[in-house]
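Contents: one structure, followed by commentary.
A, B, ... follow the sequence lines: proteins, then strands. Residue 1 opens every chain. Just so it is clear, the values below take in all heavy atoms, side chains as well, and ignore hydrogens, waters and symmetry mates.
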Protein chains: 2
Amino acid sequence: MHAEVPSTAGSSNPVPYGAAKARVVAAALDLFTEQGISGTSLQMIADAVGVTKAAVYHQFPTKEEIVVATVEVELARLGPTLDAAEAEPDHVLALDLLLTQVIDLAVGHRRMVVTLQHDPVVVRLLAEHAPFQQFMQRLFRILTGDDASPAARVRAAMVSTAIGGAVSHPLVAGLDDDTLRSQLHRLAGTFLGGPD
Amino acid sequence: MHAEVPSTAGSSNPVPYGAAKARVVAAALDLFTEQGISGTSLQMIADAVGVTKAAVYHQFPTKEEIVVATVEVELARLGPTLDAAEAEPDHVLALDLLLTQVIDLAVGHRRMVVTLQHDPVVVRLLAEHAPFQQFMQRLFRILTGDDASPAARVRAAMVSTAIGGAVSHPLVAGLDDDTLRSQLHRLAGTFLGGPD
DNA sequence: GTCTATATGAAGATAGAC
DNA sequence: GTCTATCTTCATATAGAC
């Protein structure tokens, strides 16, 4: 049930760098999902990892840095897709590329997405976090297709929260991942390609 | 900036029942919006009201009951609209009625909606709260129009989170309320009325 | 990298006076 | 309805040994 954390790809060393850090982030991600950020204590994280609070503090000087690291690990999954979408000249294809990956990520995590997306602590922390801001601007630029009109902005805002929110919605709790993915992709595509 | 709390309508007494309770709920709503549920302590609420923690405990035996009361007050605003929508035989008109009111409520509160909608504490609390479940079922029944197919479920889940999420989205932070309202209404209507 | 031990503060909650 | 005072538990955080 723990999310995987990327290791140093291509290294011959199986546990090369930050194995302890990675364990903390993985445990934190699970707990944040279930209890929210403020509802998760360092004690809980330490217990989940199987170490003491002091050991956790040795990896991350504050709880806030754990939160930032956790969100960054998840967002990093979108990095390559964002690169590919920006390199794609046909912006309908670019949009489709991005949509597919965002939906995959959201469906794969369901409840986690909503918490990390809307928790007031996360929102405040990431608002002060420059790399995150740039990341989001790139994402929205593809979503709006360089159209800064109110209609385009509202449309992009709706679709980006609709995907994250819908995956954890009680109405779709009974749907299997494949069905949810394909419906989300179809509906989001229609919505974004619809009339102005 | 404080939200109003309904008093006993039609009473000749200006502060008839639960004035103290109402002050607590109004202060809690503001704080929950800014800090989240877990990020809001009883001390903060007491300070905002201008009394001690013990006085707050006299009104609500636990913090959880403050949360439930706060959410109930907000949801109660939708009650009359839900009645009207259910009484409307033309289900396109019923949908429009509901949409207009939900958007009004969401735009009027912006940041608050997202917190109350997605906070894990609220989600857990309301999941055990029967009146809330019934309320939501009525709402979703109008949204899906008695269609329980995966397509209809995902569509309803998307639109219900899209409205709540979009109002607090950075992309629309610069839009005035009127513009946001009309765009939301137009886009949500198109989305719900679109092809299956 | 992990531990024990501890400091300091704030959390939720209660008892009982006014 | 509100107060003071107090309890217990848990939080974040630090110091220093292994």
Please table the atom pairs, donor to acceptor, closer than 3.5 Å between any side-chain atom in residues 54-65 of chain B and protein atoms at least two apart or in another chain.
{"residue": "B:T62", "atom": "OG1", "partner": "B:E65", "partner atom": "N", "Å": "3.3"}
{"residue": "B:K63", "atom": "NZ", "partner": "B:I37", "partner atom": "O", "Å": "3.1"}
{"residue": "B:K63", "atom": "NZ", "partner": "B:T40", "partner atom": "O", "Å": "2.7"}

Whole angstrom is fine here: how far is it from [atom1] in [X] over to [atom2] in [N]?
X: A:I66; N: D:dT12; atom1: CD1; atom2: C1'; answer: 11 Å
X: A:K63; N: D:dA13; atom1: NZ; atom2: C1'; answer: 13 Å
X: A:K53; N: D:dA11; atom1: NZ; atom2: P; answer: 7 Å
X: A:M44; N: D:dT12; atom1: CE; atom2: P; answer: 9 Å

Residues that [X] engages under side chain to side chain contact (heavy atoms under 4.5 Å, CB included), provided they are two or more places apart:
X: B:H91; answer: none
X: B:A151; answer: A:Q183, A:R186, B:S149
X: B:R111; answer: B:T33, B:E34, B:S168

Anything under 4.0 Å to a heavy atom of chain A counts; send over the first and last such nucleotide of DNA chain C, read 5' to 3'. C:dG1 to C:dT4
Using the closest heavy atom to pick a nucleotide of DNA chain D for each, name whichever of A:A54 or A:L42 lands nearer the 5' end. A:L42
Can we call the ring centroids of B:F135 and B:H129 under 6.0 Å apart? no
Sequence neighbours excluded, the answer for salt bridge (charged side-chain N to carboxylate O under 4.0 Å, His left out) partners of A:R155 is A:D196
So, is A:S41 near the phosphate of D:dA11, with a side-chain N or O under 4.0 Å from OP1 or OP2? yes
Whichever of A:H58 and B:P61 has the more 5' nearest nucleotide on DNA chain C, that residue is A:H58
Classify B:T40 by what it touches in the nucleic acid, base, sugar-phosphate, or nothing, heavy-atom distance under 4.0 Å. sugar-phosphate
